[in-house]
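See structure below.
Side chains are part of it too, since the values below use all heavy atoms of this structure and drop only hydrogens, waters and symmetry mates. The model shown is predicted, which means the values in this text are computed figures rather than measured ones.
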Amino acid sequence: MAAQLPKLKLVEVSTPDINEFEPLLISTAEQLDQYWPQMVYWLEPCVEKAMHGEMTLQDIYEAIKVNKMSALIAKCDAHGSHEVAFVLVVEARAYPQLPCINIVAIGGHQMDLLKSKFWEHVCSWAFMNGARTIEASVSPAMARIIKRYGFTPVYTTMRLDLAEM
């Protein structure tokens with residue numbers, strides 16, 4: 001007869017409700033290091049699937065750390081952990097006649113709910129920092145998502161890979 005194994009009890013993990021999340025503009029290296037592991041969870045699919053070799057996660061980390069890029073997150077620290085539900089990485093673009101914020105990477109879950117809760121504040125932050133437009137180079141799938149945020153197509157980006165010639 002086989003030995004009876006003790007019955008395991010499932011431990012409920014408390015996951016925060018999306019309404020418990022609050023916005024945070026990462027403004028120090030300490031904040032970046034504190035939230036980076038959770039940010040990577042949402043940024044990695046963007047870098048691997050939507051970018052085409054422009055940059056790595058390490059490039060993004062380093063650019064945020066030296067204030068070349070900015071990261072805005074939706075975070076919740078209520079349950080003893082540092083949960084992140086949404087990450088937006090942006091950089092300033094200085095066109096001669098149009099100050100602009102460019103979305104470098106975006107990732108998260110429940111993005112429609114986060115849009116209704118935070119997007120107006122993101123736009124206000126961009127405007128207060130001198131931007132008069134926000135732009136993003138995105139895949140067709142992401143274009144469909146950000147269209148709900150008010151984005152409209154302006155250009156089609158095309159590339160010629162010189163290494164393939």
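Partner of Val90 under the side chain to side chain contact (heavy atoms under 4.5 Å, CB included) criterion, out of Asn102, Val104, Leu72, Asn129: Leu72 alone.
The minimum heavy-atom distance linking Ile60 with Ala105 is given by the pair CD1-CB, 4.5 Å. For the residue pair Ala131 and Cys100, the shortest heavy atom distance occurs at CB-C, 4.2 Å. Summarising the geometry of Ile103 relative to Ala136, their closest heavy-atom pair is CB-CB, 3.8 Å, with the distance given to 0.1 Å. Of all non-hydrogen atoms in Leu25 and Trp125, the two that sit nearest each other are CD2-NE1, 3.6 Å. The heavy-atom pair separating Ala92 from Ile101 by the smallest distance is CA-CD1, 4.4 Å. Counting all heavy atoms, side chain and backbone alike, Cys76 lies closest to Phe21 at N-CD2, 3.6 Å.
Of the charged side-chain nitrogens involved, at least one lies within less than 4.0 Å of a carboxylate oxygen, so that Lys75 and Glu22 count as a salt-bridged pair.
The cluster map of Ile, Leu, Val, Met, Phe, Trp and Tyr, joined by side-chain heavy atoms under 4.5 Å apart, puts Tyr41 and Leu57 in the same cluster. The hydrophobic cluster containing Met69 does not contain Ile106, counting ILVMFWY residues as joined when their side-chain heavy atoms lie under 4.5 angstrom apart, directly or transitively.
Partners of Arg148 under the side-chain hydrogen bond (donor to acceptor under 3.5 Å, both in side chains) rule, at least two apart in sequence or in another chain, are Asp112. Arg159 pairs by the side-chain hydrogen bond (donor to acceptor under 3.5 Å, both in side chains) definition with Glu54, not counting sequence neighbours. Scanning for side-chain hydrogen bond (donor to acceptor under 3.5 Å, both in side chains) contacts around Gln58 gives Glu62, with sequence neighbours left out. In this structure Arg93 satisfies the salt bridge (charged side-chain N to carboxylate O under 4.0 Å, His left out) test together with Glu91, Glu135, sequence neighbours excluded.
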Using side chain to side chain contact (heavy atoms under 4.5 Å, CB included), reason through Ser70 and Ile26 one step at a time and then give a plain yes or no. CA-CA 7 Å; Ser70 298; Ile26 300 292; over 6 Å; no

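Remark: Lys147 NZ to Met142 CE distance equals 15.5 Å, nearest 0.5 Å. Rounding to the nearest 0.5 angstrom, the gap separating the CD1 atom in Ile146 from the CH2 atom in Trp119 is 8.0 Å. The line from CD1 of Ile73 to CG of Leu88 is 11.0 Å long, rounded to the nearest 0.5 Å.
Looking at Glu120 and Lys115, their side chains never come closer than 4.5 Å, going by heavy atoms from C-beta outward. Annotation: side chain of Ile134 is in contact with side chain of Phe151 (closest heavy-atom distance under 4.5 Å). Residues Met55 and Val47 have side chains not in contact (no heavy-atom distance under 4.5 Å, counting atoms from C-beta outward).
Between the side chain of Trp42 and the backbone N or O of Val84, at least one donor-acceptor pair lies under 3.5 Å.
Leu98 belongs to a hydrophobic cluster with Tyr95, counting contacts under 4.5 Å between side-chain heavy atoms of Ile, Leu, Val, Met, Phe, Trp and Tyr, direct or through other members.
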Could you tabulate the donor-acceptor pairs under 3.5 Å formed by side-chain atoms of residues 28-39, not counting sequence neighbours?
from, atom 1, to, atom 2, distance (Å)
Thr28, OG1, Gln31, N, 3.0
Gln31, OE1, Ser27, N, 2.7
Gln31, OE1, Ser27, OG, 3.1
Gln31, OE1, Thr28, N, 3.3
Asp33, OD1, Tyr61, OH, 2.4
Gln34, NE2, His82, ND1, 3.1
Gln34, NE2, His82, NE2, 3.0
Tyr35, OH, Asp77, OD1, 3.0
Tyr35, OH, Asp77, OD2, 2.7

